[in-house]
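As the structure is a computational prediction, the values presented were derived from the model and not from experiment. Chain letters run A, B, ... following the sequence lines, proteins first and then strands; every chain starts at 1.
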2 protein chains.
Amino acid sequence: MKGVPQPTLQRLVVYYRYLKKLAEMDEEKVVCSKKMGEDVGTSSAQVRKDLSYFGEFGCKGVGYEISTLMRCLERILGVNKRWKVVLVGAGNLGRALVNYQGFNRLGIEIVEAFDNDLDKIGNRVGALAVKNDKEMEIIIRKNNIKLAILAVPGEDAQQVARRLVAAGIRAIWNFAPEMLRLPADIHVYDENLAISLVTLIYKLNQDISSDSVKYIG
Amino acid sequence: MKGVPQPTLQRLVVYYRYLKKLAEMDEEKVVCSKKMGEDVGTSSAQVRKDLSYFGEFGCKGVGYEISTLMRCLERILGVNKRWKVVLVGAGNLGRALVNYQGFNRLGIEIVEAFDNDLDKIGNRVGALAVKNDKEMEIIIRKNNIKLAILAVPGEDAQQVARRLVAAGIRAIWNFAPEMLRLPADIHVYDENLAISLVTLIYKLNQDISSDSVKYIG
DNA sequence: TAGATTGTTAATCGATTAACAATC
DNA sequence: TAGATTGTTAATCGATTAACAATC
């Protein structure tokens, strides 16, 4: 149950969503790794290998029972439970995340939103009212919240992150373009939108450069 | 210039942002790979290796001239040019992306926003007015736009993506939780927010499970 | 039984790390 | 010159792929 590669974990989420869709369509009871792989864009060997980190879920010569595997993945990933989450930073991105559908389906519930901007405090964001971030620590402690979404400006990120950890937060989904320096046992996922975008621009730019080489040479 | 690992590319963006900050602070003219690595959370060997894919930028015994390396990375990544981008899907996420600062700094300019929802068409999103997606193809062609942000519901994603490609789009930043099936020469970056979040939940859940083992055993 | 498909082992591939000669 | 640091080569590590025995 330890040493699961990060790529495997990410594919597991994809498998889970795929199985959920299959289950909704309700056409087949069983799916094999070959079909799964083709449908989600990987190989059958990869699918079997990924699952093998967690146990045996299939039936040789037959495949995987869709509903069973789905529920197993649900438990493995932890999305069978409900998770309370706080948002810090009620800017454009933060507001979009609160309103984003699809988190609910994964058992995520954003229960509070905080900001330090007096103009934002009190505003509605989805079903929430933005609260003063001074209340942050108390509310996080009282509700025993472990997961936070950090969507504050880069220059505030480190300081806010430390406050979150001091208040009992154990995992941070970080949208600020800053390296957070936190205790090693705090889980951080850096969601760096600029990185994603620039890798696309790089490839686009490569194409164009090699095109012009064609014209010259 | 080919065969650059994706992780290298992503770190290059981090180095670039780091150097920009150093340049703004204007304290040192030169930085060495050791300091760079420590400050951005990797090793000096990794920094040198990453750069070596593109040439020689340093001075043995000295380090890298900050402003020079910055400009080199700018050109390598393609962010020295301005890139026109269209947004398709003016929901919460799409609107947040249009308003997101930080893209501008990377030379990205979102020049049009489209939607098929009559309630959204005509609304302002940042400085843009949302247009009917029926006009999409014509406008993309006319302005010779190569990059699109796809923020439509999952069920529409495949069909919209095909239309974008037919209109001349060469790279898609895909926020829809769908595998796009497109010609191999189209660049797609899947930005899957659910995947990121679930990997955090998995780790959080692991912690909690092993905690309870502690109490039992 | 014959055909299909799993779970796993071994082989391959690719990225990271360590070490060091070159040289400022 | 002595100390520092690059760029690169070789060693290591980790993930993917291929192959196949087990078995439904």
Practice task
Measure across A:Ala167 and A:Ile140 and return the closest heavy-atom pair with its distance rounded to 0.1 Å.
Solution key: O-CG2, 3.6 Å
Practice task
Starting at atom CD1 of B:Ile66, determine the distance to atom P of D:dT5, rounded to an integer number of angstrom.
Solution key: 13 Å
Practice task
Starting at atom CD of A:Glu65, determine the distance to atom P of C:dT5, rounded to an integer number of angstrom.
Solution key: 16 Å
Problem - Short N-O contact, A:Lys84 and A:Glu109, less than 4.0 angstrom - result: no
Fill in the blank from the handout: Rounded to whole Å, CG of B:Asp50 lies from P of C:dG14 at a distance of 17 Å
Completion exercise
Taking for A:Gln6 and for B:Leu51 the nucleotide of DNA chain D with the nearest heavy atom, the one nearer the 5' end belongs to B:Leu51
Handout entry: Heavy atoms from other residues, nucleotides or ligands near NZ of A:Lys81 exceed 12 (cutoff 6.0 Å)
Key = yes
Under 3.5 Å between N/O atoms: give me all the protein pairs with nucleotides 8-12 of chain D, atom names plus distance.
none

Practice task
Could you work out which one of D:dT5, C:dG7, C:dT16 sits closest to the side chain of A:Tyr64?
Solution key: C:dG7
Fill in the blank from the handout: Here the distance between atom P of C:dA15 and atom CZ of B:Arg11, to the nearest Å, is 10 Å
Practice task
Determine whether the aromatic ring centres of B:Phe103 and B:Trp173 lie less than 6.0 Å apart.
Solution key: yes
Problem - Rounded interatomic separation in angstrom, taking CD from B:Glu38 and C1' from D:dT5 - result: 14 Å
Problem - Closest to the A:Lys60 side chain, choosing from D:dA15, C:dC24, D:dA22 - result: D:dA22
Problem - N-O pairing of B:Lys29 and B:Glu65 below 4.0 Å - result: no
Completion exercise
In whole angstroms, the gap separating C1' of C:dA15 from CD of B:Gln46 amounts to 8 Å
Exercise for the section: Could you tell me whether a side-chain N or O of A:Asp190 sits under 3.5 Å from a main-chain N or O of A:Asn192, the two making a donor and an acceptor? Expected result: no
Problem - Proximity to DNA chain C (any heavy atom under 4.0 Å), residues of residues 27-37 of chain A only - result: A:Cys32, A:Ser33
Exercise for the section: Name the pairing partner of C:dA15, where a pair is Watson-Crick or G-U wobble with both distances under 3.5 Å, or state none. Expected result: D:dT12
Handout entry: Sidechain-backbone polar pair: B:Arg48 side chain, B:Lys34 backbone, donor-acceptor under 3.5 Å
Key = no
Problem - Side chain A:Asn205, main chain A:Ile201, donor-acceptor under 3.5 Å - result: no
Handout entry: Given B:Lys146, B:His187, B:Arg170, the one that forms side-chain hydrogen bond (donor to acceptor under 3.5 Å, both in side chains) with A:Asp207
Key = B:His187
Practice task
Could you let me know what D:dT5 is paired to, Watson-Crick or G-U wobble, both distances under 3.5 Å, or none if it's on its own?
Solution key: C:dA22
